[in-house]
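For reference, the structure is listed below as structure tokens.
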Amino acid sequence: MLKKIDENIYELPIGYKEGMRVPGRIFISESLLEMVEPGTVEQVANVATLPGIVKYSMAMPDAHLGYGFPIGGVAAFREDGGVISPGGVGFDINCGVRLLRTDLTVEEVKPVISDLIEALFNEIPSGVGATSRLHVSDSELTEAFIAGARWAVEQGYGTDDDLEHCEENGCLKGADPAQVSTKARKRGRPQFGTLGSGNHFLEVQYVGEVYDERIARRFGLFKGQVTVMIHCGSRGAGHQICTDHLEVLARAVKKYNIDLPDKQLACAPIGTPEATNYFGAMAAAANYAWANRQIIAHWTREVFTKYFGDVEMPLVYDVAHNVAKIEEHMVDGKLERLYVHRKGATRSFGPSRKEVPQDYRDVGQPLLIPGSMGTPSYVLCGQDRALELTFGSACHGSGRIMSRSQAKKTYRGSDVRASLQREGIKVMATEPAVLAEEAPEVYKPSHEVVEVVHALGLAKKVAQMIPLGVSKG
Amino acid sequence: MQYEFLEHTADVKFRAYGSSPEEMLRNAALAMFSVMIDTETVRPERIWEVELEAEDLESLAYKWLSELLFLFSAEVAVFSDFDISLSHDGVWRMNARVLGENIDRKRHSFETEIKAVTLHQFEVRPGDSDRPWMMQVVLDV
């Protein structure tokens, strides 16, 4: 059924499933395609049935089975006749990654890595049921929903330079706190300033390889340099916001007579109250997540200052990988406003886009691709070619290949910890079970995913980072 | 069988059964919490009252599991038993007593944290004299 139309590009024809409005496109290598479950292809086809979808229902090379959209799914909808769907964003709204660079080298940090990870683990709450050191009032929470990372910076957590280096400057416009339920606030307040659990992490790493000297220099990266990667999202606030609006949108589907192959693709036509309200709430959750990562970055800097004195730790970049946004793209030679959904996919904008921060404008935005626990992460650089192929999108990670239950049967947390320790990687987690579930072998090799993205010209390889220590939920 | 887990690469999928919709909903709640914690370690020390209504049983089932995740997160508590009564007269109504206790990190060891209940492949299948009631759920973890 999948037709190879070019190197690393496979097409799923319209006839594959009833109701498909556009073909599907999976950007993937032959060997990675072999790991893609049939259910994932089905999900690409399901997204293709949504009203107002433009060009293709797409999947990135790290595609795997999700709910609603596949993970690694990208789809854009036209303003006139299109829809917005939480199935294309997910429950962890604006789950994302940020990268801090230091002026420290691996030789300076390695001797104290054990203590450093322990301090980060103690200072930044993580794990199930963890509550924050931060106590925000209801009105402060409202301000964070509206202003995102800017709110955190105004409270003293970081600098204006941090905002310059966040996608959307750390604030999605159009947030409407009135659409955030009391329940979402109740869950969000105590968790504001927590890392979460599962695949979320804070990792101390170093630049092991530089592939593009010029761009690496522009991003402030050099070989042997220590960096910190933070991966987390909107916590219970985002989960509850999605749950609340999913119920509303499930009813809207009946009201607007939309035929869906999967209930999680519940959606409403752009411009209807249901769609507008969801978008406003989703943006509020996205802003909560940006503020959350900003606060965690600030605490990370505090811990580093304790160990290394007055160390500079500028933000390289912060990317969202679960979000729906309004962006302008060329469609059939005309510039159109589209609602781009990225579910487990990263924006990849090249030099031609005004959204790229001024100091990166001549090269493109950074993309941050975390590896699995204990495996390398990558910094890539956005390319204009992605605008032609994927509405300016690329991969977000490596993609799971083994279920959590299978992982727990196969690996033991203590063994995983010991084997990482042997490689010189210090790991701390609240629960050993998380280590088994997140064992490096349960994910696709991230370098293969990155190679495909690089080969297609969706983004360019810039640097590879090797883990030194990880704090997990 | 109370419930069974099905293979799913990235998330958690299960089916819960019961000779009545009440029993099915109870078993689904047990299945969901068993993903996060050994429910044997949870003492039924406190009671939370839950009242819900929905236009059909499927929507009610979704609300029920979502409400429990809300309580888990907002109350920082875990649950191990559920006493459910249902009625329907045009709409479905639920009154439930949820038994459990506040999270005690010394005694409670957690595995995967559930983020949310998805509607992906969400299904409630009515039972009859030959087969039990069944609901299928995919959880985002």
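Within every chain, numbering begins at 1; the chains are lettered A, B, ... in the order of the sequence lines, protein sequences first and strands thereafter.
- Listed by chain and residue number, B:R43 satisfy the salt bridge (Lys or Arg N to Asp or Glu O under 4.0 Å) test with B:E45 (two or more places apart in sequence, or in another chain).
- Counting heavy-atom pairs closer than 4.5 Å to chain B, the top-ranked of the candidates A:T430, A:D262, A:V434 is A:D262.
- Looking at A:L246 and B:L119, their side chains come closer than 4.5 Å, going by heavy atoms from C-beta outward.
- Taking the side chain as every heavy atom from C-beta outward, B:V117 and A:F91 never approach each other to under 4.5 Å.
- The local environment of CG in B:D128 is crowded, with over 12 non-hydrogen atoms from other residues, nucleotides or ligands closer than 6.0 Å.
- Counting heavy atoms from C-beta on, the side chains of A:S405 and B:E7 come closer than 4.5 Å.
- Contacts with chain B (heavy atom to heavy atom, under 4.5 Å) involve these residues of residues 35-46 of chain A, listed by number: A:E37, A:Q43.
- In this structure, chain A has a heavy atom under 4.5 Å from the side chain of B:F72, while its backbone stays farther away.
- Of the two parts of A:A250, only the side chain, counted from C-beta on, holds a non-hydrogen atom closer than 4.5 Å to a non-hydrogen atom of chain B.
- With rounding to the nearest 0.5 angstrom, the CD atom of A:E431 is 11.5 Å from the NE2 atom of B:H108.
- At a 4.5 Å heavy-atom cutoff, A:L265 makes no contact with chain B through either its backbone or its side chain.
- Contact annotation for residues 83-105 of chain B against chain A (heavy-atom separation below 4.5 Å, listed by residue number): B:R105.
- Side chain of A:R404 to main chain of B:T112: no donor-acceptor pair is present (N/O by atom type, distance under 3.5 Å, no hydrogens or angles).
- The shortest side-chain heavy-atom distance between B:H8 and A:S403 does not fall under the 4.5 Å cut-off.
- Chain B forms more heavy-atom pairs under 4.5 Å with one residue of A:H64, A:K186, A:E247, A:Q240 than with any other, namely A:E247.
- Two residues are said to be in side-chain contact when any heavy atoms from C-beta on lie closer than 4.5 Å; A:K263 and B:Q121 fail this criterion.
- Checked by atom type, the side-chain pair B:D11/A:Y67 shows no donor-acceptor distance below 3.5 Å.
- For A:T131, there are no side-chain hydrogen bond (donor to acceptor under 3.5 Å, both in side chains) partners, not counting sequence neighbours.
- Checked by atom type, the side-chain pair A:R400/B:T9 shows no donor-acceptor distance below 3.5 Å.
- Residues B:H120 and A:G68 approach most closely at ND1-N, 3.8 Å, considering heavy atoms.
- At a threshold of 4.0 Å, the pair A:R187-B:E75 does not count as salt-bridged, since none of the basic side-chain nitrogens sits closer than that to a carboxylate oxygen.
- Of the listed residues A:H239, A:R251, A:R189, the one with more heavy-atom pairs under 4.5 angstrom with chain B than any other is A:H239.
- Atoms CZ and OG1, from B:F70 and A:T243 in turn, are 11.0 Å apart once rounded to the nearest 0.5 Å.
- Within the 4.5 angstrom heavy-atom criterion, atoms from both the backbone and the side chain of B:V141 approach chain A.
- The closest side-chain heavy-atom distance from A:K183 to B:E67 is below 4.5 Å.
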